[in-house]
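For reference, the structure is listed below as structure tokens.
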Amino acid sequence: MKNVLITGGAGFIGANFVHYLRETYPGVSIFVLDNLTYAGNMANLRSLEGTDRFNFIRGDITDRDFVNDLFSKKSFDTVVHFAAESHVDRSILGPGAFINTNILGTFALLEAARATWDGNYSGKRFLHVSTDEVYGSLGAEGLFTEETAYAPNSPYAASKAASDHLVRAYFHTYGLPCVTTNCSNNYGPYQFPEKLIPLIIINGLLGKPLPIYGDGMNIRDWLYVEDHCSAITTVLEKGRLGETYNIGGKNEWTNIDIVNLVCDIVDEFVEGSEEYSKLYPLAGGRRGLITYVKDRPGHDRRYAIDSAKIEAELGWEPAESFETGIRKTVKWYLENRSWWEEIQSGAYRDYYEEQYGERLS
Ligand code: NAD
Ligand code: TYD
């Protein structure tokens, strides 16, 4: 790896990956391509701006001329493709952007890589970051393996499934050096506050209702974001081309159990600090804020990943325990109030305008 293109590098997992790569592979040149949708935030990359071997390019992955031009000018040897519309609820309200970015954007990147690398695939790698949601929903038993048939249920999952199929086809048809990872639900720093865990932490701090969809018994398999990042570098280094690798934390939780746990950890941090007690006063504890709301349409019941393949074949395993990871995450949101306040107020746009002279919409 010398010149690495990271699409969606200003989003949650992408930004964590950029920081992880900078620490673990300091000699690599990083090129972040991101068009800064509502979910992209340059504040996530603030500490890297102006440093050597870090380049930010604002652009849309669906703009084929722009993407082709970028590939022809920079000698990328590695592409790590995170850019996507990523929130299931938004895909239910408006699937169009998901079809556009997730399918057509992936197509544009594959075409640019194919044209630029032009059959010279030695030392090249295109890693497509995908989700376990492509497999649909599990019953009470069983795990998703790489052999599980695709059965996406939400427009988000369907758009990711389509992009996975395109990546597969480019490997089989053109020999493009692709590999795909399908990961379970991530949590950790920089996660946009519309997703379950940051939403619960922030609403809990502010004393706002904590919405639980349906009966709260849906199950997700949670992985600390840095473990996802280490899995991705492992697959970049050692993954077999044309393969897919499932990544998960063997860490299944019902939504209600996870919300209760987050409430208790937030209570503990707040009650243990004079400063936080003054900032976030609440009588009776955060569990009292839990509010059951109407279920998400087509809400998948259970996700659970079998990550035996990446563990046995590539020697990856998660380093973070859930107990430590979730505490680190709550602490991060407590210590980075300005980060989420800037998102809530829209002030992160002012920062971008000051730095780059352009107003984000
Ligand atoms: P995110 O929504 O936080 O970030 C997405 C980023 O992509 C943002 O910075 C956004 O500005 C950028 N982007 C969106 N459309 C773009 C476009 N047209 N051109 C350029 N940039 C664009 O998402 P995330 O949670 O960090 O997820 C990243 C990837 O990982 C996605 O592909 C997602 O499907 C996959 N994934 C996420 C999870 C999870 O739990 N969050 C789990 C498994 C896989
Ligand atoms: P989410 O973080 O949106 O991830 P995904 O839908 O990709 O799994 O949601 C995680 C789980 O939490 C999912 O079962 C839906 C549920 N959920 C709620 O109960 N309330 C909420 O406010 C949100 C955002 C999610």
Side-chain angles (χ1 to χ4, degrees), residues 6-18 32-42 44-45 57-63 66-67 80-92 97-98 100-102 104-106 108-109 128-134 137 153-154 156-157 159-161 163-164 180-188 190-200 203 209-225 228 231-232 246-248 253-256 258-259 290-296 298-303 305 360:
I6 302 173
T7 72
F12 161 50
I13 307 175
N16 277 284
F17 183 75
V18 169
V32 169
L33 169 59
D34 199 302
N35 71 341
L36 301 177
T37 66
Y38 79 94
N41 184 352
M42 280 312 285
N44 300 354
L45 300 171
I57 304 140
R58 184 159 184 234
D60 189 333
I61 59 162
T62 68
D63 182 340
F66 164 77
V67 171
V80 188
H81 175 33
F82 293 97
E85 288 292 335
S86 70
H87 191 44
V88 174
D89 293 328
R90 285 179 190 255
S91 82
I92 295 167
F98 288 72
N100 206 30
T101 289
N102 300 0
L104 297 179
T106 302
L109 290 164
H128 175 58
V129 179
S130 192
T131 166
D132 60 355
E133 302 194 25
V134 297
S137 185
N153 290 321
S154 69
Y156 163 66
S159 67
K160 291 297 290 187
S163 65
D164 292 11
T180 295
T181 54
N182 294 91
C183 189
S184 61
N185 285 61
N186 284 213
Y187 69 97
Y190 302 115
Q191 188 164 30
F192 195 82
E194 67 187 351
K195 301 277 169 71
L196 181 70
I197 289 181
L199 182 86
I200 298 303
N203 280 13
L210 310 178
I212 305 269
Y213 299 163
D215 63 2
M217 296 305 286
N218 301 66
I219 291 175
R220 297 292 181 265
D221 178 355
W222 293 94
L223 183 72
Y224 192 62
V225 63
H228 188 184
I232 289 172
N246 282 356
I247 303 167
W253 285 77
T254 61
N255 291 339
I256 185 64
I258 215 162
V259 170
I290 291 173
T291 311
Y292 285 87
V293 298
K294 196 163 163 284
D295 207 356
R296 171 189 280 175
H299 195 176
D300 285 336
R301 196 63 175 166
R302 176 170 167 257
Y303 300 148
I305 278 272
L360 295 174

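For this chain, numbers begin at 1 and follow the sequence in order. Read the numbers this way: they start at 1 and go in the same order the structure lists the ligands and their atoms.
Some N or O of G11 is nearer than 3.5 Å to an N or O of ligand 1, by distance alone. Among the atoms of T131, none of the N or O lies under 3.5 angstrom from an N or O of ligand 1. Ligand 1 has no nitrogen or oxygen under 3.5 angstrom from a nitrogen or oxygen of H81. Distances between N or O atoms of F12 and those of ligand 1 include at least one value under 3.5 Å. Residue contacts with ligand 1: H228 is placed with no nitrogen or oxygen under 3.5 Å of a nitrogen or oxygen of the ligand (distance criterion only). Not one N or O of Y38 is nearer than 3.5 Å to an N or O of ligand 1, by distance alone. Where the criterion is an N or O separation shorter than 3.5 Å, residue side chain and backbone included, T101 meets it with respect to ligand 1. Checking only distances, T62 never comes within under 3.5 Å of ligand 1, N or O to N or O. For ligand 1, the polar-atom distance check against D60 finds a nitrogen or oxygen pair separated by under 3.5 Å.
The main-chain N or O of D300 is never found under 3.5 Å from a side-chain atom of S137 such that the two would form a donor-acceptor pair.
Nearest approach of A108 to I61, heavy atoms of both residues: CB-O, 3.1 Å.
Taken to the nearest 0.5 Å, the CG atom of D221 stands 7.5 Å off from the CG atom of L223. Put simply, CG on D60 and OG1 on T101 are 6.0 Å apart, with the number rounded to the nearest 0.5 Å. To the nearest 0.5 angstrom, Y213 atom OH is 11.0 Å from K294 atom NZ.
Remark: distances from the non-hydrogen atoms of Y190 to ligand 1 are all 4.0 Å or more. Heavy-atom separations between G59 and ligand 1 include at least one value shorter than 4.0 Å. The closest approach between a heavy atom of G105 and any atom of ligand 1 is not below 4.0 Å. Residue-ligand proximity: A97 is placed with every non-hydrogen atom at 4.0 Å or more from ligand 1.
At a heavy-atom distance under 4.0 Å, only backbone atoms of L36 (N, CA, C or O) approach ligand 1.
Look at D215 and R301 and you find a salt bridge, because one of the NZ, NE, NH1 or NH2 atoms lies within 4.0 Å of a carboxylate O, short of that distance. Under the 4.0 Å criterion applied to side-chain N and carboxylate O atoms, R296 and D89 are assigned as salt-bridge partners.
When each of V129, T106, I6 is paired with H81, the side-chain contact (heavy atoms from CB on, under 4.5 Å) condition holds for T106 and for no other.
Nearest-residue assignment for atom 33 (C) of ligand 1 (options W222, Y156, F192; heavy-atom criterion): Y156. Nearest-heavy-atom check against atom 39 (C) of ligand 1 across I232, I13, D34 picks out I13. Among N41, T37, L223, the residue whose heavy atom sits closest to atom 10 (C) of ligand 1 is T37.
Taking atom 16 (C) of ligand 1 as the reference point, the nearest protein heavy-atom neighbour is N35 OD1, 3.1 Å. Annotation: atom 43 (C) of ligand 1 to nearest protein heavy atom, C183 O, 3.3 Å. When only non-hydrogen protein atoms are considered, atom 2 (O) of ligand 1 lies nearest to S86 OG, 2.7 Å. Protein heavy atom in closest approach to atom 32 (O) of ligand 1: K160 NZ, 2.6 Å. At the shortest separation from atom 19 (N) of ligand 1 among protein heavy atoms lies I61 N, 3.0 Å. At the top of the distance list for atom 40 (O) of ligand 1, counting protein heavy atoms only, stands N186 N, 2.9 Å. The protein heavy-atom contact nearest to atom 5 (C) of ligand 1 is A84 O, 3.4 Å. Looking at atom 29 (C) of ligand 1, its nearest protein heavy atom turns out to be F82 O, 3.2 Å.
Residues K195 and S86 bring a donor and an acceptor atom of their side chains to less than 3.5 Å of each other. Between the side chains of E133 and Y303, at least one donor-acceptor pair of N or O atoms lies under 3.5 Å. A donor-acceptor contact closer than 3.5 angstrom is absent between the side chains of N35 and D63. With hydrogens and angles left out, the side-chain atoms of N218 and N255 include no donor and acceptor closer than 3.5 Å. For S130 and D164, the side-chain atoms include at least one donor-acceptor pair closer than 3.5 Å.
Proximity of N182 to V134: side-chain heavy atoms (C-beta onward) are separated by under 4.5 Å at one or more points. Counting only heavy atoms from C-beta outward, the side chains of I212 and I256 approach each other to under 4.5 Å. Between N41 and L36, the closest side-chain pair of non-hydrogen atoms is not below 4.5 Å.
Numbered from 1 in the order shown, with element, the atoms of ligand 1 that lie under 4.0 Å from a heavy atom of S184 read 42 (C), 43 (C). Distances below 4.0 Å separate heavy atoms of S130 from the following atoms of ligand 1: 43 (C), 44 (C). Within ligand 1, counting atoms from 1 as listed, the ones closer than 4.0 Å to a heavy atom of N185 are 40 (O). Listed by number with element, the atoms of ligand 1 under 4.0 angstrom from any heavy atom of V129 are 30 (O), 32 (O).
Residues that satisfy the side-chain contact (heavy atoms from CB on, under 4.5 Å) test with N186, not counting sequence neighbours, are F12, I13, C183, V225, H228. Partners of R220 by salt bridge (Lys or Arg N to Asp or Glu O under 4.0 Å), not counting sequence neighbours: none found. Considering only residues two or more places apart in sequence or on other chains, I219 meets the side-chain contact (heavy atoms from CB on, under 4.5 Å) condition with E252, T254, R302.
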Anything under 3.5 Å between an N or O on ligand 2 and a protein N or O? List each pair with its distance, or write none.
| unit_1 | atom_1 | unit_2 | atom_2 | d |
| --- | --- | --- | --- | --- |
| ligand 2 | 2 (O) | L196 | N | 3.0 |
| ligand 2 | 3 (O) | R296 | NH2 | 3.1 |
| ligand 2 | 4 (O) | N185 | ND2 | 3.4 |
| ligand 2 | 6 (O) | R296 | NH1 | 2.5 |
| ligand 2 | 6 (O) | R296 | NH2 | 3.3 |
| ligand 2 | 7 (O) | E133 | OE2 | 2.6 |
| ligand 2 | 8 (O) | N185 | ND2 | 2.9 |
| ligand 2 | 8 (O) | R220 | NE | 2.8 |
| ligand 2 | 12 (O) | N255 | ND2 | 3.4 |
| ligand 2 | 14 (O) | R220 | NH2 | 3.2 |
| ligand 2 | 14 (O) | N255 | ND2 | 2.9 |
| ligand 2 | 14 (O) | H299 | NE2 | 2.7 |
| ligand 2 | 19 (O) | Y213 | N | 2.9 |
| ligand 2 | 20 (N) | P211 | O | 2.9 |

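Note: F192 and Y38 have perpendicular aromatic rings, judged against thresholds of 30 and 60 degrees for the angle between ring planes.
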